[in-house]
Number of protein chains: 2
Amino acid sequence: MLHMDIQQMLKERRLRATPARVATLDVLLSAGRALTHHEVEESLAAAGNRLDRVTLYRTLDFLVEEDLAHRLSGEDRTWRFSAQDKRSGHAHPHFCCSGCGATLCLGDLNPAMVVGLPEGYSFQQAELTIRGLCPACNHA
Amino acid sequence: MLHMDIQQMLKERRLRATPARVATLDVLLSAGRALTHHEVEESLAAAGNRLDRVTLYRTLDFLVEEDLAHRLSGEDRTWRFSAQDKRSGHAHPHFCCSGCGATLCLGDLNPAMVVGLPEGYSFQQAELTIRGLCPACNHA
DNA sequence: TATCCATATGCAACATTGTTGCACAAAATT
DNA sequence: AATTTTGTGCAACAATGTTGCATATGGATA
């Protein structure tokens, strides 16, 4: 996406359109999948937008808080961030490749799934992660 | 559970019934929920069975490999271990409390849920995590 | 356009969680 | 009992994420 458009995205929400945010959002929007902090860092560096580690952590946190990105937990204890899916906020089905860790978002979940909590428990959110092999790892 | 019985569990599978394993398994079996490494460590120490951090990591890995325990990833980037549910290996619905992080296993998943992967992707396992509040946190 | 202030950034230090290598101890096997 | 195999503890390291603080900067205001 054009940086102009990304700046616009931020300004529409009355948020500061700093270079760090624009570049980070650009990386997330361009990726076809959820990226780790490290992957974002490398991607930024490759594009000549080197950011401090801490700044990137804070920028990613910021984007998540402002609902411009989505933080999801994988099987490898590292957060992954995605700006792709602005799907309904309460049900996030993901696919996670056992081969390479690639993570991406699938379609909506059927809320009917989320029933049968024990007495006294309250529901907030459901997350379904399907593990398997992505096309690349299927062939390897 | 009695230590005798736990030793039996291990020996039936031709595994060495070391004190570290028996004590760790005991802690996991007695807990009504999945425990973090740290929680297991504390629980062991409280029972006078202090274990080295590394030994505990390795013991937990061992139990998972031998299918005596189950490792699950939470929202806080730390593994949790449970010896409770020897439910079907391919679908693990969990409940995770947003208040205190307590994690426990719910009933079986309907495998029909796991359909609709994009072309080229292969299925291995599904994990559904429901977030919400446990009874204690609901009242607090 | 120049000034100013809230806030974003970078740096250093730290915290947490998990891993690796190696020497020693304990179990199992003979 | 001796030997082999495996488990344990210690030290050091690695990866991921956090906190405090000084400085730089975006964007509102004059």
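The chains referred to below are lettered A, B, ... by the order of the sequence lines, with proteins before strands, and numbering in each begins at 1.
- The shortest heavy-atom contact between A:H37 and A:L56 is O-CD2, 3.5 Å.
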For every nucleotide of nucleotides 25-30 of chain D, 5' to 3': is a protein heavy atom under 4.0 Å from its base (B), only from its sugar-phosphate (S), or from neither (-)?
-BS---
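- In terms of position along DNA chain D, the nucleotide closest to B:A20 lies nearer the 5' end than the nucleotide closest to the other residue of the pair A:H37 and B:A20.
- Rounded to an integer number of Å, the gap from A:E42 CD to D:dA15 C1' is 14 Å.
- When every heavy atom of A:Q7 is checked against every heavy atom of A:V22, the shortest pair comes out as CG-CG2, 3.7 Å.
- Per the geometry, CZ belonging to B:R14 stands 16 Å off P belonging to D:dG7, to the nearest Å.
- Listed by residue number, the members of residues 43-60 of chain A with any heavy atom below 4.0 angstrom from DNA chain C are A:L51, A:D52, A:V54, A:T55, A:R58, A:T59.
- Going from atom CD of B:E41 over to atom P of D:dG9 covers 11 Å, rounded to whole Å.
- The backbone N or O of A:T36 lies less than 3.5 Å from a partner atom in the side chain of A:E39, making a donor-acceptor pair.
- A heavy-atom distance below 4.5 Å is not found between the side chains of B:E66 and B:R13.
- For A:D61 and D:dT18, the CG to P distance is 6 Å, given to the nearest whole Å.
- Looking at A:L68 and A:M9, their side chains come closer than 4.5 Å, going by heavy atoms from C-beta outward.
- Follow the hydrophobic side-chain contacts under 4.5 Å out from B:V40 and you never reach B:V54; the two are in separate clusters.
- Rounded to a whole Å, the CZ atom of B:F62 is 6 Å from the P atom of D:dG7.
- The side-chain hydrogen bond (donor to acceptor under 3.5 Å, both in side chains) analysis of residues 48-62 of chain A, with sequence neighbours excluded, yields the pairs A:D61-A:R71.
- For the side chain to side chain contact (heavy atoms under 4.5 Å, CB included) with A:F81, the qualifying choice from A:T24, A:L28, A:L63, A:L35 is A:L28, the only one to do so.
- Distance A:E65 CD to C:dA8 C1': 14 Å, rounded to the nearest Å.
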